[in-house]
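All chains are named by letter (A, B, ...) in the order of the sequence lines, taking the proteins before the strands, and each is independently numbered beginning at 1.
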Amino acid sequence: MGFANLINSWTVLFPIAVLLYYFFRKKYEVKTISSTMFWEQSMRETKVSPYLKNLQKNALFYLQMATLLLLLFILLAPFMIKEEAIHGQTIVVMDTSASMLVEKDGLSLFDKHKEAIKKMVTERSGQPITIVSTGKEPMTVIREEKNAEEVLSAINQLEVSYEHEFMERAIEFAQSIAADSEVDIHIFTDSLNQQVLPEANDTMAWTVNASDLNYRNVSIDKFGAVATPDGTEAIIKLLNRTEKNIDGNIILLDPITKTTLVKDAFMVEGEQELLLSFKDLPTSLALTASILVDDDYAADNEAHISLGNETTHAIIDNQLHELIKKAFEAVGLSVSTGSKNELTAAMDDSIVVTNDAAYLLSGTKPIILIGRNDENPEEVTGVISTKSDSLFSIADLSNVYVSEIYPAFDEFQTIAMIGNKPFIQKSSRGDIIILADVEMTDWPLHASFPLFIWSAIEQVGAEGNAIGTFTPNERKAVLSSGQSGIEVFTVDDEYVTSFTDTSSFIAPQLPGVYKARAEAANEKIFTVQLEHEELDLKTGSSYRIGKAISGEGTVENKWMFGKYFILPVLLLLLMEWEVQRRRGYPH
Amino acid sequence: MTEELIPNQLLNRLGALSISTKSGRLGHHKGTHRSRKTGSSLEFSDFREYHLGDDLRHIDWNVYARTGQPFIKQFLDEQEMRIHIVLDSTKSMQVEGKWDYARQLCAGLGHIALKSGDTVSVSTRIHGQNRLIRKKGILQRAAITKFLSSIEEPNSESGFTDNLFGHIPKAVTVLFLVTDGLEETDNWEHLFKRLRGICNDVRVILVQSKSEELPSFEGDVRLVDIENEDSVEVTMTNRSICQYIEAKEIHEGKLFALSKKYGIQIIHGHVHVGVMTLLTKKMRQIGWLE
């Protein structure tokens with residue numbers, strides 16, 4: 001303990017003055033009388049134990065003395081140096097994945113951990129606390145905050161983000177925050193293998209708070225649906241992760257029209273899986289499967305799928321340059337090369353890339369035409385100018401040099417020109433025509449080439465109504481034809497979020513079926529689905545590695561507690577008043 | 001003080017007084033008080049018919065001559081009274097002239113009684129032992145005074161009411177208790193209950209000093225009880241004095257109520273008023289003396 005205001009110690013004069021006053025106060029005169037019988041009766045309360053009698057006799061003195069000393073004490077501003085086992089900052093890594101929603105006794109693991117963190121924060125009030133939430137991109141919720149109330153309110157605002165925790169990233173992130181300073185890292189999750197943690201050293205202590213409760217869980221492990229000429233076929237794989245048999249009901253729902261397509265009872269044996277398939281379902285844009293079972297984890301009892309005809313395969317004419325194949329591979333498509341016959345065969349379920357203009361007229365799907373085999377190129381000079389099109393939203397062509405181009409198709413819309421000649425055209429069907437061979441330009445050497453290819457695939461391949469399936473918070477560029485950006489709505493047309501830049505699209509975190517609206521007329525369905533890892537509930541024990549950090553070189557925390565003595569002083573003053581009132585003024 | 005406990009000229013002023021009582025119980029010896037029984041005094045009482053066995057000497061022959069019937073002439077009997085005085089010798093009697101006052105009172109009462117030819121006994125307790133003097137006849141006045149003078153200081157440790165019975169003689173006509181009455185009323189009740197069986201005419205004189213009546217202390221005083229050395233610290237204020245008087249009045253009120261219940265008379269004897277006033281005025285007014 002120390003005193004911050006030692007200068008105020010001169011006030012010790014006041015208690016001394018009171019003390020002196022009591023030294024020189026009048027003494028009692030002794031008188032012998034026949035009997036104190038009547039006097040005793042009027043002062044009966046004085047006849048107690050000698051100590052109490054002394055206290056009672058000098059009550060006013062003691063009270064005044066106590067008041068003065070307390071006031072003196074407060075004036076000196078006393079403080080305590082709080083010695084803690086661990087100094088330096090505390091980093092809390094909070095798992096925000098969907099599996100934290102598992103409930104036992106009406107309290108989710110997430111809330112349970114939140115309470116534990118709050119308790120810890122209250123205990124470490126005044127120390128810097130950093131809270132990190134997990135995910136593909138770990139984030140600091142609050143950084144080196146010393147004010148416990150701020151931290152508590154930040155904890156209250158923590159929410160489950162549904163995406164997988166990627167605990168390794170969070171741990172690396174926490175380590176990078178900690179740098180070389182002493183730090184006590186607390187991880188709140190459902191289960192964490194000790195091998196994931198780095199080796200404990202002198203400056204880091206790791207505490208893992210896991211849950212070792214036994215949870216019952218039945219999950220929709222896989223959910224697939226495909227549109228056939230006869231309707232829609234759906235297949236659902238249920239997995240029972242508990243030892244007991246569990247029965248329940250399965251419901252298949254069209255989330256857009258809100259019609260229940262199938263309702264069926266099922267029973268899954270313990271630790272077994274169950275395959276359910278449904279045929280001849282009506283055609284719909286999306287399907288939602290949900291199971292009604294009595295288990296502890298509700299988040300995986302629902303699965304969504306959108307029935308878009310997304311194409312993920314490209315077939316490239318073997319007449320084309322190898323660079324084109326490379327470019328298609330670079331954007332993540334499965335690519336094959338083939339002859340004209342193979343191209344024709346694969347036309348319906350692949351993106352066809354060719355230089356044969358005949359394909360513009362055949363097949364049901366748009367193609368990408370690079371160069372023309374039916375015309376001869378002519379020289380061209382000039383700067384490339386592009387029209388507003390989503391194809392160029394991420395690919396900038398301004399630095400591209402083109403030596404020769406083929407003649408244009410008259411009936412198609414030109415979206416890029418060199419000088420006054422068309423360079424890139426678009427057909428009404430959606431075909432993309434590049435009027436130059438790869439050899440005629442340095443474009444493949446530019447970064448904009450694969451980006452353009454990607455955009456082209458997005459536009460050609462995803463010409464349907466769906467833009468695919470996302471995981472919660474997944475960051476993925478989505479192509480939109482308009483420049484207005486994308487607005488995201490739920491199937492019930494509730495506004496969720498919007499993105500001005502289509503390349504910065506981030507999927508919503510809550511699993512479900514959503515609509516992405518680029519323009520009023522252009523509405524596409526996409527679904528957000530939990531990662532497969534999140535379907536499996538892992539449990540593990542809590543442990544701690546790394547020693548408690550020694551007190552050396554720690555920050556001393558001064559706890560000013562003087563203010564807490566003001567109330568007792570007030571109380572003492574009241575008591576003095578009362579004593580004075582009862583005793584009356586001495587002669 | 002030993003010599004002048006009570007001056008003789010003052011005692012002489014008491015000559016005309018005698019103790020009056022309605023108590024029928026008198027002593028067996030000859031005295032000056034008329035008894036209800038017939039006896040051998042000169043005062044005529046009554047005639048009655050002669051019955052066999054009566055003393056022939058008492059036949060009034062004059063009446064026999066007139067009536068032819070033998071009548072016995074009866075006279076009133078005169079008998080002595082037995083007066084006993086118990087003097088409270090507890091330490092509390094030391095204070096403020098109460099002891100002298102009490103002894104003077106005893107001497108005065110003794111003087112009056114002896115002059116009437118009554119038997120007087122005085123008892124008190126000194127150094128834990130009972131002292132008793134018993135005298136009869138006017139010539140014994142000096143002996144009583146001397147006895148009282150010889151007791152320098154009251155120093156009895158035990159309470160007054162506790163040791164009273166050991167030295168009260170039998171067949172007491174009038175019993176005087178000279179005390180300051182500073183004991184719990186329970187003790188007094190116990191005493192009064194037993195006194196009723198011993199004497200029909202018990203008279204208590206409560207000796208009280210001036211400052212006991214109205215405390216004259218000022219300032220902060222530690223009051224020490226002379227008997228048990230308890231001390232009480234009191235800051236003298238009107239309020240505390242009022243409380244004292246109130247407590248005292250309650251105590252005396254209880255005492256008077258008790259005495260009324262058991263047929264015992266109590267009066268106050270105030271030290272500052274003096275013994276003579278008490279004897280010649282107050283006691284005569286209430287009919288103790290005549």
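In plain terms, the two heavy atoms of B:Val95 and A:Ile33 that are nearest each other are CG2-C, 4.2 Å. Residues A:Ser34 and B:Asp225 come closest through the heavy atom pair O-OD1, 3.3 Å.
Using a 4.5 Å cut-off between heavy atoms, B:Lys98 touches chain A through its side chain atoms alone. Neither the backbone nor the side chain of B:Glu246 comes within less than 4.5 Å of any heavy atom of chain A. When heavy atoms are compared at a cutoff of 4.5 Å, B:Glu96 does not approach chain A at all.
More than 12 heavy-atom neighbours from other residues, nucleotides or ligands sit within 6.0 angstrom of CD on A:Glu144. Remark: A:Met575 CE is loosely packed, at most 12 non-hydrogen atoms of other residues, nucleotides or ligands lying under 6.0 Å away. Around atom CD of B:Glu213, more than 12 heavy atoms belonging to other residues, nucleotides or ligands sit under 6.0 Å away. More than 12 heavy atoms of other residues, nucleotides or ligands shown are found within 6.0 angstrom of NZ on B:Lys282. Other residues, nucleotides and ligands place more than 12 heavy atoms under 6.0 Å from the NE2 atom of B:His272.
Atoms OG1 and CZ, from A:Thr32 and B:Arg222 in turn, are 11.5 Å apart once rounded to the nearest 0.5 Å.
Counting heavy-atom pairs closer than 4.5 Å to chain A, the top-ranked of the candidates B:Thr90, B:Leu223, B:Asp180 is B:Leu223.
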